[in-house]
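Quick notes on the structure that follows.
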Amino acid sequence: MPELTARVVRASFPKGTLVIRIREVLGSLFTDEDFAGAFPGRGRPAIWPGALALVSVLQCAEGLSDRQAADQVRARTDWKFLLGLELDDPGFDFTVLGDFRSRLITHGLEERVLEVVLARLSQAGPLRAGGRQRTDSTHVVAAVRTLNRMEFVGETLRAALEALEAAAPDWLAPLIDSGWVERYGAKVDNYRFPKEKNVRREWAEQVGRDGFALLDAIDGPTAPAWLREIPAVGILRQAWAEQYHQDAEGVRWREGKDLPPTRDRLSPPLMTSTPTTASNAGRAGAVIKCTCVRPASRMHRI
């Protein structure tokens, strides 16, 4: 543990935080040896696997996507304290977390994350001997994947709205109401997703309904035909086919085996932090500012 990190964090949080207590009470939960099978000596990443395992557990506990979790490592001193990092450590790219989980699953080590957590918690006393913990490693991995998918669909729809607002503001304005502004007025990665599974599903399916409504309007007879050629609209159409079902009963969020294989799905687009200035301020009560999705050729698959 870097001395400066420890001194600054203890001075800043004299009462501690959950993250600090995990480090102080439980110590270093993971070692590289716990994940040696997935990370051979040659080609081992710069970020030690134990740190990535800790981040994965905290993601599930705090409801964070990969992008949000990587931001926490860069921005929060208590997370640096937990991971034993220098205060000026730049952290890592969010895609490292997805690669980490894939390696664990490929090598059958995904249970290792929770096994070590539960073992240390039991030793420290918070769990009674023989007690059962509802959350398992499968739940942790599934929850983080869901959060990443939620961020992806939200930002994909925002990007399409941004592109349409710039290209055809007068056509788009009547379609947008205050509910849309509330849901898509800020970047989705700044939003703390709800922890309840049913509430997450409701949020995702609302985004799905909004996306299909927008696509229906674009395909309608009164819409300019060239709107369908906008790259962000094409990405929205493909993403919605992969992430949702739409039938006579409504819109359904795909889950589990109902999803296309991971390697065949669009991954989250690269998003910048600089919003585009809208030209029609005040339309529909507010301007939806989004970051444009990169052209389809720049998209990568996971």
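Hydrogens, waters and symmetry mates play no part in the numbers below; they use all other heavy atoms, side chains included.
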Shared hydrophobic cluster for Leu236 and Leu259 (ILVMFWY, side-chain gaps under 4.5 Å): no
Transitive ILVMFWY side-chain link Phe92 to Phe81, under 4.5 Å: no
Validation row: Leu227, Leu164 side chains within 4.5 angstrom (heavy atoms): yes
Within 6.0 Å of CZ in Arg254, more than 12 heavy atoms from elsewhere: yes
Contact summary for Ala239 and Leu266, nearest pair of heavy atoms: N-CD1, 4.2 Å
Verdict with supporting geometry, Asp71 and Phe94, side chain to side chain contact (heavy atoms under 4.5 Å, CB included): CA-CA 8 Å; Asp71 286 344; Phe94 75 96; over 6 Å; no
Residue pair Val73 / Leu85, side-chain heavy-atom distance below 4.5 Å: yes
Common cluster, Ile105/Val144, ILVMFWY with side-chain heavy-atom separation under 4.5 Å: no
Same apolar cluster: Ile20 and Val8, side chain cutoff 4.5 Å: no
For the student: nearest non-hydrogen atoms of Trp171 and Pro224, plus distance: CD1-CD, 3.9 Å
Chi angles and distances behind the side chain to side chain contact (heavy atoms under 4.5 Å, CB included) call for Leu82, Leu58: CA-CA 11 Å; Leu82 172 69; Leu58 285 173; 3.1 Å; yes
Any side-chain heavy-atom pair of Asp99 and Val96 under 4.5 Å: no
From Ser178 atom OG to Arg183 atom CZ, the distance as rounded to the nearest 0.5 Å: 8.5 Å
Residues Gln68 and Gln72: side-chain donor-acceptor under 3.5 angstrom: no
Salt bridge present between Arg74 and Asp88 (N-O < 4.0 angstrom): no
Nearest-0.5 Å distance that lies between atom CD in Glu162 and atom CD in Glu155: 11.0 Å
Trp253 and Tyr244 aromatic ring geometry - parallel, tilted or perpendicular at 30°/60° bounds: tilted
Ion pair Arg67/Glu151, N-O distance below 4.0 Å: yes
Side-chain ion pair, Arg23 and Asp78, N-O less than 4.0 Å: no
Pairwise side-chain contact, Gln59 with Leu147, heavy-atom cut-off 4.5 Å (strictly under): no
Minimal non-hydrogen separation, Tyr184 against Gly154, with atom names: CD2-O, 4.4 Å
Closest contact, heavy atoms only, Leu175 versus Ala217: CD1-CB, 3.8 Å
Glu205 side chain vs Arg252 backbone, donor-acceptor pair below 3.5 Å: no
Under 3.5 Å donor-acceptor, Asp177 side chain and Trp180 backbone: yes
Salt bridge (Lys or Arg N to Asp or Glu O under 4.0 Å) between Asp216 and Arg209, worked out: CA-CA 10 Å; Asp216 287 344; Arg209 288 190 292 272; over 6 Å; no
Heavy atoms from other residues, nucleotides or ligands near CD of Gln206 exceed 12 (cutoff 6.0 Å): yes
Within-4.5 Å side-chain heavy-atom neighbours: Glu86 and Lys80: no
Euclidean distance, Thr156 OG1 relative to Arg237 CZ, rounded to 0.5 Å: 14.0 Å
Any donor-acceptor N/O pair, Arg228 side chain to Ile218 backbone, under 3.5 Å: yes
Side chain to side chain, Arg76 and Val19, heavy atoms closer than 4.5 Å: yes
In one Ile/Leu/Val/Met/Phe/Trp/Tyr side-chain cluster, 4.5 Å: Val153, Leu157: yes
Inter-residue atom distance Leu87.CG - Leu4.CG, 0.5 Å rounding: 4.5 Å
Stepwise side chain to side chain contact (heavy atoms under 4.5 Å, CB included) check, Ile235 with Trp240: CA-CA 8 Å; Ile235 292 172; Trp240 257 232; over 6 Å; no
Nearest heavy atoms of Ala167 and Pro169, plus distance in Å: C-CD, 3.7 Å
Validation row: Trp79, Val55 side chains within 4.5 angstrom (heavy atoms): yes
Non-hydrogen side-chain atoms of Leu83 and Asp89 separated by less than 4.5 Å: no
Leu161 and Ile176: CA distance, side-chain angles, deciding distance, side chain to side chain contact (heavy atoms under 4.5 Å, CB included) verdict: CA-CA 10 Å; Leu161 289 168; Ile176 305 301; 3.9 Å; yes
Basic-acidic side-chain contact under 4.0 Å: Arg200, Glu196: no
Evaluation steps, side-chain hydrogen bond (donor to acceptor under 3.5 Å, both in side chains), between Glu242 and Gln238: CA-CA 6 Å; Glu242 295 171 353; Gln238 181 178 348; 3.2 Å; yes
Non-hydrogen atoms of Gly84 and Pro2 that approach each other most closely: O-CD, 3.4 Å
Salt-bridge contact Asp66-Arg101 (side-chain N to carboxylate O under 4.0 Å): yes
